[in-house]
Every structure is written in structure tokens, then in C-alpha cells.
Asks: 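Below is a structure I'd like to ask you about.
Proteins get letters first, then strands, A, B, ... in listed order; numbering begins at 1 in each. Because only heavy atoms are used, hydrogens play no part in the values below, and waters and symmetry mates are left out as well, while side chains stay in.
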Amino acid sequence: MNKNYYITTPIYYPSAKPHMGHAYSSIIADFFARLKRIQGFNVYFLTGTDEHGQKIQRAAEEKKMDPLLFCDEISKTFRDLSRTLNLSNNDFIRTTEKRHSKSVKNLWNILEKKGEIYLSKYSGWYSVSDEAFYTESEIEDLDGVKMSISSGSKVEWVEEESYFFRLSNWQDKLIEFYNKNPDFILPETRKNEVISFVKSGLKDLSVSRKSFNWGIKVPSNKDHVIYVWLDALTNYLSALNYPNENDNLYKSFWPADLHLIGKDILRFHAIYWPAFLLAADIEPPKRVFGHGWILSGDEKMSKSKGNILDPLEIIENYGLDPLRYYLIKEVSFGNDGNISQEKLESCINSDLANNYGNLCQRVLAFCDKNANLKVPDINNLTEDDKIILDQYSKYYDDLVKYSDNQDLNSYINFIVEQLFSANKYFNDQEPWKKKNDKLRMNTIIYVALELIRKVTILLYPIIPSSSLKVLNIFGINEEKINFETIKENNYLKKGLKLNKLDILFKKIEKK
RNA sequence: GGCGGGGUAGCUCAGUUGGUUAGAGCGCGGGACUCAUAAGCCCGAGGUCAGUGGUUCGAUCCCACUUCCCGCUACCA
């Protein structure tokens, strides 16, 4: 059985500072990376920055900066964000690195040698900011300025020699590939879009530019730089030391298990990328998941509307784990999600402080007062005890299935249910009325501690640092977290001295 | 214009391979308790499951049409 798992975020385009969308992609990817790790997988989790292209070149020129120095600066803000988000990434790749250009050139050479790339001429309306050509019908004239109708960005007439990738040859093979791999594109609705686009006919794709030079040079023709998307997508290979196919990383982790991306870059990942790879005789990734956008009050966040929720500000004010929890819980994964500060606060108070945090607190405090803060010796388990403890083994296979299907919402719904029932259990058993029945009281404490241990393991991928604080009371550190142990009902050994636990999540005072 | 997804409680969303009283969380009203971050637990109010028609013994779920929202895509200009 292959126990390796390779997951990637998009590499971010550093023309602007990080926003909530970047944070969301990264947090979700980190969730799956951590979840797979505690399930025993050897996980390779990659993120990074995409730094070539005309947009970057112009932005650097405006600041009178060397483009690489310009990228250094902004790439660093993304690297910092990874740390702020507590990402467990194994690598951070930049497309300006040598290992990357080597990899891209190699892929290019293979494609050229196989006749998949040819030199021709392109003319058309080009938008620098969109990095896309538009047909006459896709642009409009506003006061003498030509604009793209769809994106509203300025286009200019470009006529230049360009290399083309024979995408048109791959139409049928792509359809065949999608049919053979029905879960290659998720969610389903995105897959439908891609397939209908491919079926409507693919044109050869321009894969080089002569009009600027901030990029990787075409090996056989220094007048051209390689199209940013062919460049960028290859990062997923470069990080594994491609083209060294004998390298351990490459052998272990390619093809990628999951490219997690936003729906806006689906076409590149679900059409161009597998086409490039198939053409180069490289196995395509196993899955591309296009998640939705994070919206603020039903609208895309924008400066003019003043509804921007800046991830750094939110984290500063509320903490990282609450943001992670909120985004994972409240956004219906795959769909766009509306977020707001009010909802975040309500989520922190109800779910994290009152439900989970208080559960830990009440059980620990009770154990402290009545069992010297040690795992107590227990009596026989009652039916009630067993039923609640066994929920985890009962739904174990489902939980694994949710992990493999990126069914984030079912996964967290299970957790929330368990939190409610753990609180209910403690309530119904009324251990504070069992002063005359120490054994029963101890058993209730024991069961409650086990429940906290189990649910906290499930919570770890969502709120890693808070979960670790809780697992620490049992002496479980990050390396020891094992998903399978949620099936055990007697993991905690009697007499184990428990560590104290501070308040996990402070409630937000209502204004 | 074509294709796809969707319109379910005040809000955010589940769900139903068609079957007796349609679910959760939050919010709201009431109750009993006290180990706990005045947390937790119990009970309740609240929905013509977008509209109309059809198939069926029976439709929120299937079909047709209408309407609104979203995504992908085309054409005309």
C-alpha cells in the first residue's frame, strides 16, 4: 500500500499582498496535510510563489527595482503568511529558483522534441494583467481604450512570433482521461464545466512570449520566455527534484495526490496541466479540487466596498485557530462562502469557548478536585459509557472516507456532534452527585477524559496548536498523535498525572 | 443563446435512491440543574422544502413549464 501523500496549494502570484483567499487555500491544504499525517501517511506538502510574467516585470519597473529583488520582498510576505497560518508545509518553492527553471526547461525540451511544441505567429488583443489573449468579440472600446469585457482590464494589440503547444491534439485524450478518472476534478459541478469546455473544442495554446523577458528562456531560442502557466504549473514537479526521476522525492510523491486550488484557476490545472504532462509522458496528478471563493457579505471583497477581512488583522484580533476553525466549519467546501466578523465571533463563543473549551475545562477541573488530576482507576463501563465511546470506532471508516473525498463538512459535523454528546454525557451522568460512589465517579471522569482525547485528535488538523495544548495534558505530543487511537477506549493509563490546562479560547465580549 | 449548479426555518447550511409529525448549528422563548469560561442539559416557537401543472396510492425529492440567483461558454454588435 502506498502510504505517501503529496498535496499542494496554488503557488501565489506576488503582485499584491496576501488576502483571505490565499489564507483559505493554505489553511485547507494544511488541514488535509495534517489529517493525512496523523493517519500514518508520509505527507509532502508544498506551497510557494509564482514570480514570473509581465505583470511582475512592470510592477518592479514602476518601483525601479530589479524584478528578482522585488520578488524577494513580496515572496517573503507569503512565506511569513505560511508561518502565521502555522502551515506544516515541507517546502516553499519559488519559480525564480534554479531547481525550478531546470525542471521547466527539461519539460519544455521534451515537449519540443516530441513535436508537441512548434513555432508560429500570434496576433491578437493581449491583457497584461490577465495574461491572456482575447478575441475581437471579447473586448470593448471605452473612450478609445480597448478593454476586456470579462475582466475589465486594458488590452493591447500584440503581434509576435510564438511557440504553440498542440493542445488541439489532446482533446480526445483528455476526455478519455477524465472518463477513466472520474474523480480527477472535484467538485462535480466544476468537472462538468471543464468537460464541456474541452468538448467544445481546444485550440493550440501559445506557450511563449517575446514581448518581455522576465521569465524562463526557451532553451532553443533566447528571444522567447516560456508562458507563465507552463512555467508555474511545473513547480509541482520541480519541488520533487524533477527531472531527476530517480530522486527519492520524485519516486515517492509523483503523481501528486491533490492539487488544491481556487476555482478561478481550474482550467489551467484541469486542462492544460494534464495535457502538458500526458504529452511529455508524465503521469498526471490524481486529483484537482477547485474550492470556492471567500466572500464578505455576499460580495467579493474589495477595497472600495470596505469589506475586506484581512487575515493578518483577524489573526491579530482573534487568534489563528479560531480563524482556521471558522473557515473550515462555516464555509461549505467547494462553494463560495460568506464570512463576517459577527459570524466569526459567534462561532468562537459557541463552538470553541462554550462547547469545546468549556468541556475540557469542566472535566479537568472536576478531575482535579475529585481525582487529584490523575487518570483514575475505573469500574466496569456501563452501556451509556460504551455507546458514547464507541461512536469513534463506529464511524471510523466514514471519517477516513471523508478524508479521502475531501468531505470537509461531514468530517467537522461529526466532531461537533461528538462535542455536544460529550457535554450531554457529563451532564446526564452527574458525577458531582456520586460522592458516595467513588468508583462510578471515577469511571465517568475516565470516560470524559477519553472523549476529550478522541475528539481532540480529530480537531488537531483544524486547530493544531490548541489541540496540542489539550493533548499535552495527557502527555501526547505532536509526533505521537495517531488517528487510529480514536478507536481505543482504554488508551489512558490509570495513575497518569495530568497537566493543567489554561483557558483555551476566551469568549468575545458582545458589544 | 447553449451547458451546468442552485432557490429548504430570522441567519448559515444539511437532507430526502418518492412514503407516517422535513433536519442541524446560530439566534429567540421557557424549564430543571450546578462540575465548568453565567458554560452545559432539557423543552418549545418558527418552514405551503421558489411558483404552476403533470406522473404516482403518495412528491420537498421524478417530469414539464415559469421565475430568480450563480458558474462556465458562445454569438451578434
Asks: Can you tell me the pairing partner of B:C35 across any strand shown, Watson-Crick or G-U wobble, with both distances under 3.5 angstrom?
Replies: none
Asks: When you look at CG of A:N477, are more than 12 heavy atoms from neighbouring residues, nucleotides or ligands closer to it than 6.0 Å?
Replies: yes
Asks: So which nucleotide from B:G25, B:C13, B:C35 ends up closest to the side chain of A:F426?
Replies: B:C35
Asks: Determine the Euclidean distance between corresponding P atoms of B:C28 and B:G7; express it in Å to zero decimal places.
Replies: 27 Å
Asks: Expressed in whole Å, how much space separates the C1' atoms belonging to B:U56 and B:G4?
Replies: 29 Å
Asks: Establish, from distance only, whether the side-chain atoms of A:Y460 and A:R34 form a donor-acceptor pair under 3.5 Å.
Replies: yes
Asks: Using whole Å, report how far CG of A:D351 lies from P of B:G25.
Replies: 11 Å
Asks: Whole angstroms only, please: what is the CD-C1' distance between A:E509 and B:U37?
Replies: 10 Å
Asks: RNA chain B: A:N423 or A:S200, which has the more 5' nearest nucleotide?
Replies: A:N423
Asks: Using the aromatic ring of A:F366 (for Trp, its six-membered ring), decide whether it stacks on the base of B:C35 within the limits of 5.5 Å and 30°.
Replies: no
Asks: Apply ring pair (Phe, Tyr, Trp, His ring centres under 6.0 Å) to A:Y227 and A:Y272, showing your working.
Replies: CA-CA 12 Å; A:Y227 175 50; A:Y272 301 165; 7.1 Å; no
Asks: Report the distance from atom NZ of A:K424 to atom C1' of B:C33, rounded to the nearest whole Å.
Replies: 13 Å
Asks: Roughly how many Å apart are B:U52 and B:G25, using the P atom of each and rounding to a whole number?
Replies: 31 Å
Asks: Assign A:L364 to base, sugar-phosphate, or nothing according to its heavy-atom contacts below 4.0 angstrom with the strands shown.
Replies: nothing
Asks: Between A:K369 and B:A36, is there a side-chain N or O to OP1/OP2 distance below 4.0 Å?
Replies: yes
Asks: Which value, in whole Å, describes the distance between the P atoms of nucleotides B:U21 and B:C35?
Replies: 43 Å
Asks: Indicate whether the side chain of A:D351 and that of A:Y325 have a donor and an acceptor atom separated by less than 3.5 Å.
Replies: yes
Asks: Closest to the A:S332 side chain: B:U37, B:C13, B:C26?
Replies: B:C13
Asks: Between A:N354 and A:K507, does a side-chain hydrogen bond (donor to acceptor under 3.5 Å, both in side chains) hold up when you go through it step by step?
Replies: CA-CA 8 Å; A:N354 293 350; A:K507 292 187 70 166; 3.3 Å; yes
Asks: Nearest to the side chain of A:W432 - B:C33, B:A14, B:A36?
Replies: B:C33
Asks: Can you tell me how far C1' of B:C11 sits from CG of A:N338, to the nearest Å?
Replies: 11 Å
Asks: Does B:U60 have a Watson-Crick or wobble mate here (both distances under 3.5 Å), and if so which one?
Replies: none
Asks: Which part of the nucleic acid, if any, lies within contact of A:A365, taking any heavy atom under 4.0 Å across all strands shown: a base, the sugar-phosphate backbone alone, or nothing?
Replies: sugar-phosphate
Asks: Can you tell which of B:A36, B:G71, B:U12 lies closest to the side chain of A:K343?
Replies: B:U12
Asks: Return the value, rounded to whole Å, for the distance between atom CD of A:E345 and atom C1' of B:C11.
Replies: 16 Å
Asks: If you check every side-chain atom of A:N427, which of B:C26, B:C35, B:C11 has the closest atom?
Replies: B:C35
Asks: Any base atoms under 4.0 Å from A:N409, or only sugar-phosphate, or nothing? Heavy atoms, all strands.
Replies: nothing
Asks: Whole-Å distance between B:A38 C1' and A:K506 NZ?
Replies: 18 Å
Asks: Rounded to whole angstrom, note down the P distance from B:G58 over to B:G19.
Replies: 15 Å
Asks: Crowded around A:K199 NZ? As in, over 12 foreign heavy atoms under 6.0 Å?
Replies: no
Asks: Select from A:F197 and A:K433 the residue whose nearest nucleotide in RNA chain B is closer to the 5' end of that strand.
Replies: A:K433
Asks: Using the P atom in both, what is the distance from B:G6 to B:U48, to the nearest Å?
Replies: 22 Å
Asks: Which nucleotide, if any, forms a Watson-Crick or G-U wobble pair with B:G46, using both distances under 3.5 Å?
Replies: none
Asks: Ignoring hydrogens and geometry beyond distance, is a side-chain donor-acceptor pair present between A:D385 and A:T382 at under 3.5 Å?
Replies: yes
Asks: By nearest atom, which of the nucleotides B:C41, B:C72, B:C11 is closest to the A:F420 side chain?
Replies: B:C41
Asks: Does a side chain donor of either A:D204 or A:Y118 reach within less than 3.5 Å of an acceptor in the other side chain?
Replies: yes
Asks: Ignoring hydrogens and angles, answer whether the base of B:A39 and the side-chain atoms of A:N354 contain a donor-acceptor pair closer than 3.5 Å.
Replies: no
Asks: How many whole angstroms separate atom CD1 of A:I445 from atom C1' of B:A36?
Replies: 13 Å
Asks: Need the pair for B:A9. Rule: Watson-Crick or G-U wobble, both distances under 3.5 Å, any strand; none if unpaired.
Replies: none
Asks: Rounded to whole Å, please give me the gap between CG in A:D502 and P in B:A36.
Replies: 17 Å
Asks: Taking the P atom of each, how far is B:U66 from B:C75, in whole Å?
Replies: 25 Å
Asks: Taking the side chain of A:E430 as its heavy atoms from C-beta onward, which of B:C41, B:A36, B:C33 lies nearest to it?
Replies: B:C33
Asks: Nearest to the side chain of A:N358, heavy atoms from C-beta on, is which of B:C41, B:A39, B:C72?
Replies: B:A39
Asks: Hunt down the Watson-Crick or G-U wobble partner of B:C72, both distances under 3.5 Å, from any strand shown, or write none.
Replies: B:G2
Asks: Let's see if you can work this out: which of B:G40, B:U37, B:C41 has an atom nearest to the side-chain heavy atoms of A:K507?
Replies: B:U37
Asks: Given the P atoms of B:G15 and B:G5, what is the spacing between them in whole Å?
Replies: 15 Å
Asks: Of the nucleotides B:G4, B:C26, B:U37, which one has an atom closest to the side chain of A:T189?
Replies: B:G4
